[in-house]
Structure formats: structure tokens, C-alpha cells
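All ligand and atom numbering here is 1-based and tracks the order in the structure. Worth saying up front: this structure is predicted, and the values here are computed from it rather than measured.
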Amino acid sequence: MKSSISQQEKEEKSMSQRNPFTDALSVLDRAAPHTAIPPWMLQLLKRPSRILVSEFPVRMDDGRIEFFTGIRVRHRNPYSTGAAPYKGGIRYHPAVSIDEVKALALWMTLKCAVMGLPLGGAKGAVVCNPKELSHHELEEITRTYVRALGPNIGPTIDVPAPDVGTNEDVMAWIMDEYSRHHQGETTLSVVTGKPVSLGGSFGRATATARGGQFVLENFIGLAQPKIPQTPRVAIEGFGNAGANFAMFAAKLGWTIVGVSDSSGAVSRAEGLDVPALLAHKRKTDSVVGFPGSQAVSQKELLVLPCDILVPAALEGSITRENAPHIQAKIILELANGPTTPEADEILNQRGVTIIPDILANAGGVTVSYFELVQGNNLDRWHEDKVDQELAYYMRTNTEAWFKILSTRVPEPRLAAYVLALERLVEPMRKRGFE
Ligand code: NAD
């Protein structure tokens with residue numbers, strides 16, 4: 001069966017056999033007492049507002065009918081639909097679960113609040129393995145998923161975007177299918193992360209990595225950590241977030257000492273040639289076997305000698321087992337939920353700074369927001385404007401986070417949650433129960 005879970009995927013997934021939603025709730029509970037959030041509001045934030053699960057049939061290339069599960073979770077929207085849509089990516093992965101999507105949707109609410117964006121949090125997924133599907137089958141699955149979502153997405157309702165296993169082609173199909181069912185009117189703002197030629201924003205494809213770079217540079221400027229001018233960086237995951245970050249870091253002259261993907265990992269203490277590694281990945285579909293590199297395991301990659309570790313794959317890779325052995329001084333979480341609460345505690349005690357996901361990878365949703373603004377106004381921002389605006393959002397919100405971190409809540413993830421909760425309280429209270 002094409003959507004079966006391969007051994008490799010099982011192993012990938014086994015790194016996070018815990019429940020990311022429960023983990024996320026435990027951080028919320030620890031952050032809440034540092035804020036004036038009323039108990040009813042905390043209860044609201046602990047529950048998604050809507051979970052849509054659909055089982056839909058798709059005709060595969062060989063004529064068989066196969067069923068797929070599509071999920072869309074709306075978490076909370078302090079502004080409510082109509083004024084501002086829910087926002088969050090769509091993941092295609094063979095082992096994605098409802099609880100994982102619930103966690104990802106909750107993080108989107110918090111992330112939008114950290115960035116001060118007028119959006120609610122959502123996330124979606126289709127249980128499938130894009131690596132085992134033809135281009136045509138992917139298109140059929142996407143179009144059927146959009147029809148199953150029906151009126152639950154829309155420019156003022158809920159606006160998807162790319163995540164693991166999806167890309168701008170998938171976003172283009174979503175836009176087209178949605179438009180076909182709305183009097184054929186092209187509805188650009190039903191989705192972000194579209195191709196630039198089809199109403200996408202310049203800079204969206206690289207936004208998560210670029211935003212992460214801005215956060216990191218600002219943090220280094222503010223905290224003056226003891227790391228070299230040209231730090232050594234190890235990156236877990238070599239997809240949209242990881243590979244683009246490698247490119248930006250290499251442009252800064254930083255040394256990329258190791259990189260992993262779902263097939264394995266490679267390292268080179270003197271630094272990997274990132275453009276050549278990207279070309280190798282495009283050709284062979286993996287970083288494994290890159291000429292001049294040393295093969296290491298995905299687990300070894302996380303504990304390589306380096307200054308900055310960048311998890312950019314899936315949840316739960318930094319655990320209580322490997323946290324004591326991580327050599328990096330800074331962890332930049334481009335992935336969502338890569339660090340378990342136990343690992344967080346160990347790393348905090350060891351003085352390793354974790355720049356948390358809801359800040360570190362918020363560049364993606366920020367440029368998605370820019371794409372929405374452009375789509376709604378038929379506007380076209382040039383690349384420099386996108387980059388300048390992104391730099392502004394990342395800098396000001398890194399400063400807001402750092403202020404809480406250095407004056408009130410000396411735990412990086414908790415400080416980001418506190419920032420998010422404090423920004424959610426006001427609009428929710430104004431609309432809410434008191
Ligand atoms: P992607 O599908 O483009 O890339 C994922 C990468 O992770 C691939 O290279 C894959 O091979 C690798 N991977 C999977 N399992 C692995 C393992 N066990 N060890 C090492 N590598 C492994 O996805 P992406 O868009 O780059 O997303 C990566 C992370 O960043 C996710 O957590 C996602 O939620 C988060 N994120 C992405 C965006 C975005 O705009 N794309 C925005 C915010 C956050």
C-alpha cells in the first residue's frame with residue numbers, strides 16, 4: 001500500500017512517541033502563573049475550538065481507490081474569523097496524528113501572538129507519504145482534501161500554508177481547487193506560500209530560515225554569549241527550514257559542521273560546502289554520501305562539537321537521553337516542538353540557551369501574513385521590502401522576549417509563552433466572558 005509507513009518513517013516517528021499536545025499544555029501551565037491570565041482563558045487555550053477529520057477516497061495512478069485521512073484543527077483566534085483568519089500550515093506525513101496537529105495549532109496561536117500578528121492559530125495534515133506518491137497522486141489528494149475542507153477554509157476564515165511534506169505546488173493546487181468551487185473566482189488569499197508567479201510573496205520560501213537568522217543575530221547582540229565570531233553550526237533536517245538556514249549561515253561565513261535528513265547524516269569538522277551539498281541532495285534525494293563528508297548517525301549529529309544546534313525536522317528529537325551530551329551553547333528551534341520538557345530542564349540547568357520555536361521559526365508565518373496583506377490589496381512588495389519588514393518584526397519581538405527573559409522569567413521557552421499569553425489576554429478579554 002502506498003501510504004504504508006516505512007521502517008525509516010517509523011524510526012523517524014519513534015523519536016517522538018510522546019504526546020506533543022500534552023507537552024505543550026504542561027508548558028502553558030508553567031507559564032500561566034507568571035501572567036495575569038484569568039483561569040477561564042487558560043482553559044480556552046488548552047482546548048482547540050474545532051477539529052475536522054475527514055476520510056476521503058482518491059483514485060491512484062494504477063486505478064485503485066485508496067482512502068486518506070485529512071485533519072484540520074482550529075485552535076483559538078483572539079480576533080475571530082471575519083476580522084482575521086486562523087492561520088497554519090499543512091503537513092503531509094505518514095505518521096501524523098490528531099494530537100500532533102492539535103499541538104501544532106496551539107503553537108500557531110502562541111506564535112502569532114509572540115509576533116503581534118492579527119491571526120488565530122490552526123494546523124492541518126493529511127496522513128500520507130509524499131515520497132511514495134506520484135506528482136499526479138499528490139495533486140489528487142490535495143484537491144480532494146480541499147473539497148473535504150469545504151467552507152472551513154477561506155481568506156477570512158482559515159488560511160493554510162506549507163509545512164513538512166508540502167510545498168508551493170501543493171499551495172497552488174489548494175488555491176486553484178478552492179477557486180473552482182467559488183464561482184471560479186481566483187481567490188489568492190485562501191492560502192499562503194504560493195509560487196511567486198501565482199500571487200506568492202517574495203521571500204516566503206526562505207522566510208522561516210531568514211527569520212531564524214534574524215532572531216539568532218539579535219539574540220547574540222543582546223546576550224553576548226561566549227561563542228566564536230564565526231560559529232560552528234549543526235543542522236537536523238535539510239528541507240525548507242534547515243537547508244535555507246544552512247545557506248544563510250554559510251553566506252555569513254559560519255561553519256556548517258553537520259547536517260542530517262530522514263536518510264542519515266553527514267559531518268565535516270572544517271565545514272561542509274553548502275551549495276554543493278544542496279546540489280547533491282537535489283540529485284540523490286539525500287545528504288548521505290556527500291563527497292568529502294563523514295557519515296554519522298542522525299543521533300550523533302545532535303551531539304557533534306558545535307556552537308549552535310538547529311533542529312529543523314520533527315518534534316521530540318532533543319530528549320532527556322541526548323540533552324546531557326549536547327555540546328552547542330545555543331539551540332535555535334526552527335522545527336516546532338523539537339525539545340521535550342525533560343530535555344528543556346536539563347539544558348536550562350546546563351546553561352544552554354534554547355531560542356524557542358514560537359519565536360525562532362515565526363519568520364514563516366510572518367511572511368505568510370505579508371503575503372495575505374499583499375493578496376488582499378493586490379499589492380506586490382519587492383524583495384528588499386519583505387526582508388526589511390521581516391527583520392523589523394523579528395528584531396522587535398526578539399527584544400520583547402529578551403526583556404522578559406532577562407528581567408522576569410529566566411527560562412527561554414517560558415519567557416516566550418509569557419509574552420504570547422500577555423498579548424492574548426487583552427483582545428480575548430475584550431471579546432470574552434468579562
Ligand atoms: P520539509 O519537509 O521541507 O523538511 C523536513 C526535513 O526534515 C527533511 O529534510 C527530512 O528529510 C528531515 N527529517 C525528517 N526526519 C528526520 C530525522 N529523523 N532526522 C533528521 N532529519 C529528518 O519541512 P520544513 O518545512 O523544513 O519543516 C521542518 C520543521 O520546521 C517542522 O517542524 C515544521 O513544522 C517547522 N516549520 C516550518 C515552517 C515552514 O515555513 N516550512 C515554518 C515554521 C516551522
Open item on the list: If you count heavy atoms of other groups shown closer than 6.0 angstrom to CZ of R320, is the number above 12?
Closed with: no

Open item on the list: Checking the N or O distance criterion of under 3.5 Å, is ligand 1 in contact with D163?
Closed with: yes

Task: Residue pairs, two or more places apart or on separate chains, that pass salt bridge (charged side-chain N to carboxylate O under 4.0 Å, His left out) and touch residues 352-375 - done: K194-E371, D357-R413

TODO: Would you check, one step at a time, whether the test side chain to side chain donor-acceptor pair (under 3.5 Å) holds for S189 with N376?
DONE: CA-CA 7 Å; S189 293; N376 289 340; 2.9 Å; yes

TODO: Look at the aromatic rings of F402 and F219 and report parallel, tilted or perpendicular, splitting at 30° and 60°.
DONE: perpendicular

TODO: Determine, considering heavy atoms only, which of A360, P162, G88, G237 sits nearest to atom 12 (C) of ligand 1.
DONE: G237

Open item on the list: Do R210 and F248 form a cation-pi contact, if we require the NZ or CZ to be under 6.0 Å from the six-membered ring centre and within 45 degrees of the ring's axis?
Closed with: yes

- [ ] Decide whether an N or O pair under 3.5 Å exists between L334 and ligand 1.
- [x] yes

Open item on the list: What's the separation between atom CG in D307 and atom CD1 in I227, rounded to the nearest 0.5 Å?
Closed with: 6.0 Å

Task: Atoms of ligand 1, numbered as shown, that sit under 4.0 Å from any heavy atom of N361 - done: 43 (C), 44 (C)

Open item on the list: Counting only heavy atoms closer than 4.0 Å, does ligand 1 sit against the backbone of A312, its side chain, both, or neither?
Closed with: backbone

- [ ] Please name the pair of heavy atoms, one in P162 and one in R204, separated by the smallest distance, quoted to 0.1 Å.
- [x] CD-NH2, 4.0 Å

Task: From G89, A161, A313, G363 - option closest to atom 31 (C) of ligand 1 by heavy atom - done: A313

- [ ] Give the atoms of ligand 1, by number and element, whose distance to some non-hydrogen atom of F238 is under 4.0 Å.
- [x] 6 (C), 9 (O)

Task: Ion pair check, E137 and K131, cut-off under 4.0 Å - done: no

- [ ] Would you tell me which option among L302, D261, N336 has the nearest heavy-atom contact to atom 21 (N) of ligand 1?
- [x] D261

Open item on the list: Please state which option from L301, I235, N240 has its nearest heavy atom closest to atom 25 (O) of ligand 1.
Closed with: N240

Open item on the list: At less than 4.0 angstrom from any non-hydrogen atom of A241, what atoms of ligand 1 do you find?
Closed with: 26 (O)

Open item on the list: Using a 4.0 Å heavy-atom cut-off, which part of D357 comes near ligand 1: side chain, backbone, both, or neither?
Closed with: neither

- [ ] Give the atoms of ligand 1, by number and element, whose distance to some non-hydrogen atom of G165 is under 4.0 Å.
- [x] 2 (O)

TODO: Measure centre to centre between the rings of F370 and W381, then say whether the value is under 6.0 Å.
DONE: yes

Open item on the list: Could you check whether any heavy atom of R204 sits closer than 4.0 Å to an atom of ligand 1, since that is the contact criterion I want to use?
Closed with: yes

Open item on the list: Below a 4.0 angstrom heavy-atom separation, can you tell me which part of T208, side chain or backbone, both or neither, approaches ligand 1?
Closed with: side chain

- [ ] May I ask you to check if K111 and W107 form a cation-pi contact, with NZ or CZ under 6.0 angstrom from the six-membered ring centre and within 45° of the axis?
- [x] no

- [ ] For ligand 1, note which part of R91 has a heavy atom under 4.0 Å away: side chain, backbone, both or neither.
- [x] side chain

